[in-house]
Participant: 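Have a look at the structure that comes next, please.
We name chains A, B, ... by the order of the sequence lines, and we start the count at 1 in each one.
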Protein chains: 2
Amino acid sequence: MAADSAPSPLPEGDGTSRVTARRRKARRRAAGVKAVAAAAGVSLGTVSNVLNRPEVVSPVTRAKVEAAMASLGFVRNESARQLRAGSSRILAYLMLDAGNPFFTDVAKGVEDAAREAGLSVFLCNSNEDADREADYLDLLEQQRVQGILITPIDQNSSRLSKLPARGTPVVVVDRAIDDGEHCSVAVNDVLGGELAIAHLLELGHDRIAYVGGPNTIGQVLDRRDGARRALRKAGKPPENLIEITTGALTVAEGRGAGQRLAGLPAARRPTAAFCANDLLALGLLQQCVSLGLRVPEDLAIVGYDDIEFAAAAAVPLTSVRQPRQLLGRTAAELLLDESSNPDHEHQRVTFTPELVVRTSTRGTL
Amino acid sequence: MAADSAPSPLPEGDGTSRVTARRRKARRRAAGVKAVAAAAGVSLGTVSNVLNRPEVVSPVTRAKVEAAMASLGFVRNESARQLRAGSSRILAYLMLDAGNPFFTDVAKGVEDAAREAGLSVFLCNSNEDADREADYLDLLEQQRVQGILITPIDQNSSRLSKLPARGTPVVVVDRAIDDGEHCSVAVNDVLGGELAIAHLLELGHDRIAYVGGPNTIGQVLDRRDGARRALRKAGKPPENLIEITTGALTVAEGRGAGQRLAGLPAARRPTAAFCANDLLALGLLQQCVSLGLRVPEDLAIVGYDDIEFAAAAAVPLTSVRQPRQLLGRTAAELLLDESSNPDHEHQRVTFTPELVVRTSTRGTL
DNA sequence: TCGAGTTGCTGAAAGGTTTCAAGAAGATTG
DNA sequence: CAATCTTCTTGAAACCTTTCAGCAACTCGA
């Protein structure tokens with residue numbers, strides 16, 4: 001297996017090369033509407049009309065202006081447009097972790113809906129880091145984007161609730177929230193956790209672990225609560241749930257959890273693990289398999305999200321499926337409504353998750 | 001297994017719910033520097049100084065201004081700032097496919113480098129769609145971002161070469177380009193293809209398939225060329241390579257290719273497949289396994305990128321590894337240099353890929 | 001006490017676009 | 001032919017910030 005050391009960018013023995021070309025930049029000041037107007041022999045207002053209301057300009061004038069634009073390489077200055085017109089054509093989705101396919105699928109739904117409405121989407125990645133989240137929120141507010149979609153790290157952040165009052169609509173994605181300030185679109189995570197554990201209980205498991213963290217993330221807590229509730233319903237004390245808290249919802253953390261689990265003596269080791277998301281589950285699975293545990297015989301695993309890779313895993317993963325794209329699309333539609341409909345009322349939409357059973361719990365019957 | 005039908009957002013029998021709250025928005029016009037100046041009893045210039053050069057303002061005045069800002073909920077208008085100051089604090093990375101972990105890893109490198117320089121990154125997703133790519137390029141140019149990092153669909157697009165001349169620096173990521181207009185950061189894809197095929201030849205394979213497409217994507221072509229070159233070096237005619245062209249570099253297309261491959265009579269079926277990326281490889285793998293082919297006994301598979309999921313696959317995937325984060329970081333650094341260093345010279349940086357051998361070709365020896 | 005240097009603040013101008021009331025030219029009607 | 005409509009075009013004002021030359025007040029040394 002290859003070494004993990006990073007290739008160097010310098011022209012070294014490993015074949016990496018760096019080729020330099022000499023060529024100076026010649027950045028001249030861009031031509032504006034004024035220059036276009038002069039070149040086309042019309043007024044500023046007419047150029048603006050060509051840009052914004054072409055139908056009111058006579059075809060011949062329009063052609064002259066368009067020719068002038070092309071020959072000068074005119075590029076509209078969006079800052080100036082936005083400053084004057086007061087409106088932005090941009091939506092932002094601030095993701096919790098761009099490396100998690102769950103969120104990129106949500107983003108796809110957002111983009112589809114935005115595109116249909118003629119808007120563009122900027123994606124931002126907080127990477128589960130509260131500072132970065134805060135920085136991006138400030139930036140987006142300063143940019144006066146049309147609205148912000150966010151899967152927050154901490155949905156109680158005061159920053160979040162201040163935004164709508166100051167004029168930037170915010171829709172919370174993948175979290176239910178009920179402060180009257182935002183719309184939210186979520187999946188019932190408590191129910192999801194319940195489904196997962198009920199399934200494991202039905203298969204006869206008794207020593208069950210819950211792998212997830214950090215506990216600042218709402219999804220992690222809700223899914224755990226669902227797990228506990230399932231135990232309670234089955235007449236078992238919820239304290240029976242063996243909790244393994246991770247530092248993030250990543251494959252690497254999942255591998256770490258696998259290390260810990262596999263290290264336990266077989267008699268105390270759980271016979272099943274429910275992970276707060278598929279990344280953790282995949283990492284856990286990979287580590288356990290490589291340490292010689294059989295899945296599901298020695299350890300059954302349930303993931304969460306049902307990302308595309310779950311089905312392609314070493315042992316196809318049982319997982320709790322969420323309507324990812326629909327989540328994003330619905331959120332974007334709510335945001336659009338909020339920013340265009342004066343009678344908008346905040347909504348809290350909750351979808352229902354669904355258990356997808358595969359080999360990692362059922363075996364290959 | 002669960003049905004694929006999308007849950008409905010309406011309050012129906014499936015438990016999905018939609019809760020409405022009545023509450024009207026009260027969007028007042030935001031307070032500007034002028035209002036802050038009036039409230040603090042100072043001039044506009046002083047407020048601006050507090051914002052941009054706090055050290056030149058006396059502590060007592062600064063405190064007054066900051067208090068006024070806080071009480072009025074002042075949010076700087078970035079459009080106006082940028083219009084006047086002429087500079088943006090934003091970098092954009094226009095990705096080929098945000099759903100591909102390879103690109104989100106590259107994005108991580110970009111963000112790290114940008115953050116160190118005090119800039120923010122907006123991610124855009126062309127999703128292998130030329131129209132979307134064009135739209136985003138227009139938008140970003142109009143926004144006057146500091147610079148654009150892009151993994152293009154077609155690196156010969158005239159749009160791409162026009163941007164730098166008009167003042168927006170562009171760095172091409174994951175493609176080598178030599179038109180004197182951009183920096184580029186790439187990995188030697190021809191070599192990568194060669195490594196993959198050389199490995200398969202060494203294992204004794206003779207009927208080898210190349211799975212990739214569409215052929216407008218440079219990476220797809222280079223890797224294929226590398227594959228052919230390896231065959232030539234081994235004294236075999238490059239036409240021996242069985243080409244399966246896909247419509248995109250996705251898991252779904254990989255499954256489609258698997259369907260086609262598995263349908264062939266065993267005597268004509270390739271004994272090994274080299275896929276243009278790991279998503280294709282994972283899809284291919286999943287489909288072949290579910291159709292009863294054994295990997296690597298019936299079909300050996302080599303992927304490309306070595307994304308995190310490759311190692312966790314049904315059969316751990318042999319893959320060609322690229323320095324993903326370093327790619328992004330280097331690109332961002334080149335972009336920063338271009339936009340700040342008047343003596344900048346365009347560079348073409350090429351990294352060297354590395355074969356990572358796992359079970360999907362080697363078996364479990 | 002005077003002059004020079006420092007420190008802190010001011011106010012007008014500028015940046016590129018959109019908007020809008022109003023004007024010009026041409027077409028239509030009675 | 002005059003009056004009324006239409007259709008296009010105009011030019012100034014406004015959007016909010018940053019910049020910068022200049023001014024006022026103070027400090028310090030001789």
Side-chain angles (χ1 to χ4, degrees), chain A residues 27-66 68-69 72-89 138-139 141-145 166-168, chain B residues 27-66 68-69 72-89 138-139 141-145 166-168:
Chain A
R27 207 196 283 201
R28 60 198 151 90
R29 191 141 206 84
V33 276
K34 195 139 63 177
V36 172
V42 299
S43 76
L44 265 59
T46 299
V47 176
S48 178
N49 281 336
V50 170
L51 246 25
N52 302 298
R53 278 175 303 281
E55 70 282 1
V56 311
V57 180
S58 75
V60 41
T61 311
R62 194 188 331 166
K64 268 193 302 185
V65 172
E66 279 165 352
M69 284 181 172
L72 292 174
F74 170 77
V75 176
R76 183 208 237 123
N77 184 324
E78 176 67 19
S79 296
R81 206 219 103 245
Q82 186 171 324
L83 173 60
R84 172 64 233 221
S87 78
S88 162
R89 312 201 79 38
D138 285 348
L139 181 66
E141 188 179 19
Q142 291 175 183
Q143 291 276 343
R144 302 288 197 273
V145 294
R166 294 209 209 100
T168 305
Chain B
R27 207 197 281 204
R28 61 198 149 89
R29 191 142 206 82
V33 277
K34 194 140 62 179
V36 172
V42 299
S43 74
L44 267 58
T46 300
V47 176
S48 178
N49 280 336
V50 170
L51 246 25
N52 302 296
R53 279 174 302 280
E55 71 281 1
V56 312
V57 181
S58 76
V60 42
T61 310
R62 194 190 329 168
K64 268 194 301 185
V65 172
E66 279 165 352
M69 286 180 172
L72 292 174
F74 169 77
V75 176
R76 182 210 237 124
N77 184 323
E78 178 66 19
S79 296
R81 205 219 102 246
Q82 186 171 324
L83 173 60
R84 173 64 235 221
S87 78
S88 163
R89 311 201 81 38
D138 285 350
L139 181 68
E141 190 179 18
Q142 294 177 15
Q143 291 275 344
R144 303 286 196 276
V145 294
R166 294 211 210 100
T168 305

Participant: Is a donor-acceptor contact shorter than 3.5 angstrom present between the side chain of A:R84 and the base of C:dT18?
Facilitator: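 Answer is yes: a donor-acceptor pair is held.
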Participant: What is the separation between atom CD on A:Q82 and atom P on D:dT17, rounded to the nearest whole Å?
Facilitator: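 In whole Å, D:dT17 P and A:Q82 CD are 13 Å from each other.
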Participant: Rounded to the nearest angstrom, tell me the gap between atom CG in A:L51 and atom P in C:dT19.
Facilitator: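 Those two atoms, CG and P, are 11 Å apart.
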Participant: If you look at every heavy atom in A:A80 and B:L83, which pair is closest and at what distance?
Facilitator: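 Looking at all heavy atoms of both residues, the closest pair is CB-CD1, 3.9 Å.
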Participant: Could you tell me how far apart A:N77 (CG) and D:dC16 (P) are, to the nearest whole angstrom?
Facilitator: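 Roughly 16 Å, once rounded to whole Å.
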Participant: Are more than 12 heavy atoms from other residues, nucleotides or ligands located less than 6.0 Å from atom CZ of B:R62?
Facilitator: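 More than 12 heavy atoms, drawn from other residues, nucleotides or ligands, come within 6.0 Å of this atom.
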Participant: Quick check: do A:S88 and A:Q143 have side-chain heavy atoms less than 4.5 Å from each other?
Facilitator: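 No, every pair of side-chain atoms sits at 4.5 Å or beyond.
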Participant: Just the rounded figure in Å: distance from P of D:dT10 to NZ of A:K34.
Facilitator: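 Distance check: A:K34 NZ to D:dT10 P gives 16 Å.
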Participant: Measure all distances between protein nitrogen or oxygen atoms and nitrogen or oxygen atoms of nucleotides 6-9 of chain D, and list the pairs falling under 3.5 Å.
Facilitator:
unit_1 : atom_1 : unit_2 : atom_2 : d
D:dT9  : OP1    : A:S58  : OG     : 3.1
D:dT9  : OP1    : A:T61  : OG1    : 2.1
D:dT9  : OP2    : A:S58  : N      : 3.2

Participant: Out of C:dG15, D:dT17, C:dT18, which nucleotide sits closest to the side chain of B:L83?
Facilitator: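 Closest nucleotide among those given: C:dG15.
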Participant: May I ask you to verify if any side-chain N or O of B:R53 is less than 4.0 angstrom from the OP1 or OP2 atom of D:dT19?
Facilitator: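 True: B:R53 side-chain N/O within range (under 4.0 Å) of D:dT19 OP1/OP2.
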Participant: What distance separates A:N49 CG from A:S58 OG, expressed to the nearest 0.5 Å?
Facilitator: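 Nearest 0.5 Å value for the CG-OG distance: 11.0 Å.
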Participant: Round to a whole Å and report the spacing from CZ of B:R81 to C1' of D:dC15.
Facilitator: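 Atom CZ in B:R81 sits about 16 Å away from atom C1' in D:dC15.
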Participant: Can you list, pair by pair, the side-chain donor-acceptor contacts under 3.5 Å of residues 36-47 of chain A, counting residues two or more places apart and other chains?
Facilitator:
unit_1 : atom_1 : unit_2 : atom_2 : d
A:S43  : OG     : A:G45  : N      : 3.4
A:S43  : OG     : A:T46  : N      : 3.4
A:S43  : OG     : A:T46  : OG1    : 3.4

Participant: Please report the end-to-end axis angle for the helix from C:dT1-D:dA30 to C:dG30-D:dC1, five pairs per end, rounded to 10 degrees.
Facilitator: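 Taking the rotation axis at each end, their angle is 40°.
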Participant: Once you round it to whole Å, what is the distance between C1' of D:dT18 and CZ of B:R89?
Facilitator: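 Rounding to the nearest Å, CZ of B:R89 and C1' of D:dT18 are 14 Å apart.
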Participant: Could you state the CG-P distance from A:L44 to C:dT18, rounded to the nearest angstrom?
Facilitator: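 My rounded result for the distance is 10 Å.
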Participant: Which pairs, with at least one residue in residues 72-83 of chain A and sequence neighbours excluded, count as a salt bridge (Lys or Arg N to Asp or Glu O under 4.0 Å)?
Facilitator: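 Every salt bridge (Lys or Arg N to Asp or Glu O under 4.0 Å) pair that includes a residue of residues 72-83 of chain A, provided the two are not neighbours, is A:E78-A:R81.
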Participant: Using a cut-off of 4.0 Å on non-hydrogen atoms, how would the nucleic acid contact of B:G45 be classed: base, sugar-phosphate, or nothing?
Facilitator: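 Counting heavy atoms under 4.0 Å across all strands, the contact made by B:G45 includes a base.
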Participant: Looking at side-chain heavy atoms only, is the closest gap between A:L51 and A:M69 below 4.5 Å?
Facilitator: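 Contact flag for A:L51/A:M69 side chains = yes.
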Participant: It should be established whether B:N52 places a side-chain nitrogen or oxygen under 4.0 Å from OP1 or OP2 of nucleotide D:dT18.
Facilitator: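 Yes.
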Participant: Residues two or more places apart in sequence or in another chain: which of them pass side chain to side chain contact (heavy atoms under 4.5 Å, CB included) with A:E141?
Facilitator: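 Checked A:E141 against side chain to side chain contact (heavy atoms under 4.5 Å, CB included); matches are A:L163, A:R166, A:T168, B:V75.
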Participant: Within this structure, what is the OG-CZ distance for the pair B:S87 and B:R144, rounded to the nearest 0.5 Å?
Facilitator: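 These two atoms lie 13.0 Å from each other.
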Participant: For C:dT18 and A:R76 - does any side-chain N or O of the residue sit under 4.0 Å from the phosphate oxygens OP1/OP2?
Facilitator: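 Affirmative; the distance criterion is met.
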Participant: Name the pairs: protein N/O against N/O of nucleotides 22-24 of chain C, kept only if under 3.5 Å.
Facilitator:
none

Participant: How close or far is atom C1' of C:dG15 from atom CD of A:E78, stated in whole angstroms?
Facilitator: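 In whole Å, C:dG15 C1' and A:E78 CD are 15 Å from each other.
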